[in-house]
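Positions are given from 1, in the same order as the sequence printed here.
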Amino acid sequence: MERKHSWRYRDYVIRSFNSDKSFDEFVREQLAGDEIAAIEKLHANAPTEAEKKRYEDLMVATGFLRNAPDGTGVKSDLTSRNDCITDTIKIVSTSLYGMTIQCAQCHDHRYDAISQKDYYRLRAVFEPGFDVPRWRSPAARLVSLQTKEEAAVAAEIEVEAKKIDVERVKMQDGFITEVLEKLLLEKDEAIRDTLRKAYRTVAKERTPEQTKLLTAHPKVNKLTSGSLYLYDTKYKTKHAATIKDMVAKAKVVRDTKPELRRVRAFTEQPLEPKAVSPTNVFFRGNYDSPKEAVKPGDLTVLAGWRDVEVEEFSEKVPSTGRRIDFSKKLTDGKHPLLARVMVNRVWMHHFGKGIVTSAGDFGVLGNDPSHPQLLDWLAADFMENGWSLKRLHRQILTSQTWKQSSTRDAKRDEIDPDNIYLSRQSVRRLEAETLRDALLAVSGKLNADLYGKPVPVMFNTGGSIVIGNDTTDTAGRQTGKFISLEGEEFRRSIYVQIRRTRPLEMFQTFDAPDMMVPNCEVRPVTTVSPQSLLLMNNAVMRVFSQYFAERLQSDGGAELESRVVEAWTLAYGREPVEADVEAAVEFVNAQTEYYKANPAKLDKVAGPAEKENAAPEFLGLTALCHALLSANEFLYID
């Protein structure tokens with residue numbers, strides 16, 4: 001099921017990182033944004049624009065707790081409801097705790113000091129928002145951001161649109177009457193009045209005789225506004241087209257309404273404390289075998305040096321207030337896991353692996369930190385300096401460790417063969433999304449616009465999943481229509497729509513996160529033949545190569561040699577050596593001669609095919625671009 005409003009959460013995350021929002025505040029907003037809004041007395045009709053924006057951000061932030069798969073929009077049984085809660089707890093525990101707390105759902109954790117009761121104490125923090133007995137479907141959980149002013153404007157526009165609807169219905173009734181009378185003229189005069197009366201009688205009030213009569217005359221019986229088009233040719237009228245134009249006219253008016261903004265938020269229904277559903281320990285994890293009730297709380301293993309109890313009910317908010325209390329304690333600067341987990345994850349993205357390589361499992365089965373004192377120091381420094389992620393990035397990227405070369409030598413290979421102790425920089429392949437963004441940047445097509453609705457994906461006529469507007473009919477069949485995205489197809493990969501059933505081939509091949517699981521703790525890094533085959537043969541790569549060749553023709557000068565130098569500079573960040581230039585010129589010339597003998601059209605992944613053959617010189621240059629973009633020097637960070 002498509003999540004039409006989830007892009008607002010993505011934009012919230014990007015804005016937070018760009019503005020360097022303190023990470024502790026970032027976490028609190030995601031866990032309890034709705035309760036923070038209640039404390040600050042914010043709502044959609046707040047008096048100032050700043051307060052309205054603050055309310056919107058807080059509500060959107062709680063989308064973090066709505067990221068788990070939720071199948072209750074299709075089948076809302078107890079299994080689906082509990083699966084949604086279980087996956088949400090997993091997301092919280094692996095991303096914020098770096099622990100496999102979900103393994104204690106059925107029994108005490110076999111390896112870590114987490115009891116089954118601990119799991120349900122943590123679940124109790126979020127239980128009132130899920131509220132299994134009074135479960136809300138995904139659509140019912142949407143929160144409207146519409147203001148009173150916007151609602152008033154929309155109501156005025158709807159009045160005008162309904163005037164057109166009334167006119168259309170009146171005209172439609174006249175057309176039906178006209179066609180009915182023409183059909184009746186084709187019947188025996190003796191039954192015309194009776195048949196007319198039967199048709200005009202409301203269906204549920206018809207007598208058996210009237211029903212039988214209409215059944216015997218199906219053309220009359222099935223005459224509706226939707227069937228008028230069947231008679232336009234016969235009677236040389238344009239009734240169907242007229243009605244269609246009226247519908248379109250009303251739509252044009254309705255399209256002027258202010259956008260009805262909705263967010264996927266996690267909220268609680270205001271209930272009296274005694275009406276809040278209790279959280280019970282499930283015997284062996286079976287939701288239909290509830291045992292003792294538990295109160296909300298953190299892991300009891302932490303009780304030796306901090307308060308692990310969470311306030312069950314608060315008078316400060318109309319909800320229980322559990323999540324705001326939990327989030328404050330989680331981010332108080334004394335929790336032993338949160339800062340370490342985040343610092344480790346940032347380190348992982350810069351070095352390819354974390355100080356703790358099992359980023360989602362700091363427990364017994366996880367890997368020990370390679371540099372425990374460094375991890376502790378970075379975490380402490382991170383909290384002491386305002387939980388600033390930008391400062392942390394700067395700290396890592398300006399360190400001598402990160403500035404190292406990836407060049408290997410015998411001495412370091414003997415001491416640190418697996419580079420566990422970072423005796424050199426690791427060679428890392430670009431991630432799937434970064435690879436596509438690099439192709440866009442080098443080819444000169446990158447659209448750097450920020451935020452907004454996702455760039456759609458579709459099946460092309462060849463059955464591949466590509467970026468584009470879906471123009472299939474209601475049965476899922478190709479219509480052959482093509483609707484241009486007007487440059488939106490060149491936006492960064494983070495803005496491309498991600499659907500579990502429609503993964504882009506490049507993303508899937510180069511180890512993008514598996515969308516069939518709740519969250520991605522650590523991306524796999526594989527080296528398999530389909531990756532090379534995609535780079536060599538995929539139409540998307542050939543199209544990027546064409547864009548790159550166009551840029552070289554435009555910006556690389558008139559001489560082939562200068563275009564080769566420009567190609568190396570753009571693709572690899574360095575100038576080619578003389579031997580590279582000579583080999584590249586020879587290759588382009590050879591390819592040009594090939595295409596003179598074997599004319600070819602430009603490749604496309606969507607839209608109408610080219611009618612004319614491309615210039616052999618351009619195709620020769622495109623072949624060079626394709627080779628450069630498929631090389632390891634482009635694919636790997638050295």
Side-chain angles (χ1 to χ4, degrees), residues 31 65 67-69 78-127 130 132 278-310 326 329-330 335-345 348 353-372 375-376 379 420 513-514 516-524:
L31 293 175
L65 297 173
N67 280 330
L78 284 176
T79 300
S80 300
R81 297 176 186 184
N82 279 282
D83 284 348
C84 179
I85 299 174
T86 300
D87 287 341
T88 301
I89 299 300
K90 180 181 180 183
I91 291 172
V92 171
S93 63
T94 55
S95 62
L96 302 181
Y97 282 76
M99 298 290 288
T100 56
I101 298 174
Q102 71 276 5
C103 292
Q105 181 184 2
C106 304
H107 48 70
D108 291 350
H109 201 293
R110 292 191 184 279
Y111 303 99
D112 298 331
I114 303 171
S115 68
Q116 186 186 21
K117 188 175 180 180
D118 278 344
Y119 174 85
Y120 289 96
R121 278 163 52 85
L122 184 61
R123 172 169 168 152
V125 174
F126 305 98
E127 187 90 57
F130 288 108
V132 174
T279 299
N280 299 87
V281 174
F282 294 156
F283 179 66
R284 294 183 176 176
N286 295 323
Y287 57 80
D288 53 357
S289 299
K291 298 298 181 182
E292 63 174 308
V294 295
K295 293 186 177 183
D298 204 346
L299 304 180
T300 52
V301 70
L302 305 177
W305 64 87
R306 62 181 287 107
D307 179 16
V308 296
E309 301 305 320
V310 171
F326 171 72
K329 290 178 177 177
L330 185 66
H335 198 283
L337 290 170
L338 179 64
R340 286 182 174 87
V341 168
M342 190 56 195
V343 164
N344 184 67
R345 190 162 290 278
M348 178 185 73
K353 59 183 179 181
I355 297 173
V356 177
T357 55
S358 54
D361 187 2
F362 276 47
V364 171
L365 289 185
N367 298 315
D368 291 337
S370 58
H371 301 74
L375 180 63
D376 290 349
I420 293 173
D514 181 2
M516 302 307 291
V517 296
N519 66 326
C520 176
E521 299 165 25
V522 179
R523 291 192 184 205

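With rounding to the nearest 0.5 Å, the separation of CG in Leu365 from CE in Met99 is 10.0 Å. Note that NZ of Lys353 and CG of Asn367 are 10.0 Å apart. Values are rounded to the nearest 0.5 Å. In this structure, the separation between CG on Asn286 and OG1 on Thr79 is 10.0 Å, given to the nearest 0.5 Å. Separation of atoms OG1 (Thr100) and OH (Tyr111) is listed at 10.5 Å; rounding is to 0.5 Å. Separation of atoms CG (Leu338) and OG (Ser95) is listed at 9.0 Å; rounding is to 0.5 Å. Separating the CG atom in Asn344 from the CG atom in Leu337 is a distance of 11.5 Å, to the nearest 0.5 Å.
Contact of the Lys291 side chain with the Arg284 side chain is not registered, since no non-hydrogen atoms from C-beta on lie closer than 4.5 Å. Looking at Leu78 and Val132, their side chains come closer than 4.5 Å, going by heavy atoms from C-beta outward. The closest side-chain heavy-atom distance from Asp298 to Lys329 is not below 4.5 Å. Side-chain atoms of Leu302 and His335, non-hydrogen and from C-beta on, do get closer than 4.5 Å to each other. For the pair Phe126 and Ile89, the minimum side-chain heavy-atom distance is below 4.5 Å. At a threshold of 4.5 Å between non-hydrogen side-chain atoms, the residues Thr279 and Phe130 do not count as touching. Contact of the Asp118 side chain with the His109 side chain is not registered, since no non-hydrogen atoms from C-beta on lie closer than 4.5 Å. Between Gln102 and Asp87, every side-chain heavy-atom pair lies at or beyond the 4.5 Å cut-off.
Taking all atoms of both residues into account, the shortest heavy-atom contact from Pro518 to Pro69 is CA-CD, 4.1 Å. Residues Pro336 and Arg306 come closest through the heavy atom pair CD-CD, 4.3 Å. Taking both residues in full, the closest heavy atoms of Asn67 and Ile91 are given as C-CD1, 4.2 Å, listed atom of the first, atom of the second, then distance. Taking each heavy atom of Ala68 and Thr88 in turn, the nearest pair found is CB-OG1, 3.5 Å. Heavy atoms only, all atoms of each residue included: Glu521 and Met348 are closest at O-CE, 4.4 Å. The heavy-atom pair separating Pro290 from Tyr287 by the smallest distance is CD-O, 3.9 Å.
Qualifying side-chain hydrogen bond (donor to acceptor under 3.5 Å, both in side chains) partners for Ser289, counting only residues two or more places apart in sequence or in other chains: none.
With hydrogens and angles disregarded, a donor-acceptor distance shorter than 3.5 Å links the side chain of Gln116 to the backbone of Gln105. Using a distance-only test at 3.5 Å, with no hydrogens or angles considered, no donor-acceptor pair links the side chain of Asn280 to the main chain of Phe282. Between the side chain of Asp112 and the backbone N or O of Val364 there is at least one donor-acceptor pair closer than 3.5 Å. Side chain of Ser93 to backbone of Lys90: a donor-acceptor contact under 3.5 angstrom is found. A donor-acceptor distance shorter than 3.5 angstrom exists from the side chain of Ser358 to the backbone of Asp361, with no hydrogens or angles considered. The backbone N or O of Val308 sits less than 3.5 Å from a side-chain atom of Arg121, completing a donor-acceptor pair.
For the residue pair Thr94/Asn519, the side-chain donor-acceptor check at 3.5 Å is satisfied.
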Any chance you could lay out the side-chain contact (heavy atoms from CB on, under 4.5 Å) test for Ile114 and Leu299, step after step, and finish with the verdict?
-> CA-CA 7 Å; Ile114 303 171; Leu299 304 180; 4.1 Å; yes

Derivation of the side-chain contact (heavy atoms from CB on, under 4.5 Å) call for Tyr97 and Leu330 | CA-CA 9 Å; Tyr97 282 76; Leu330 185 66; 4.3 Å; yes

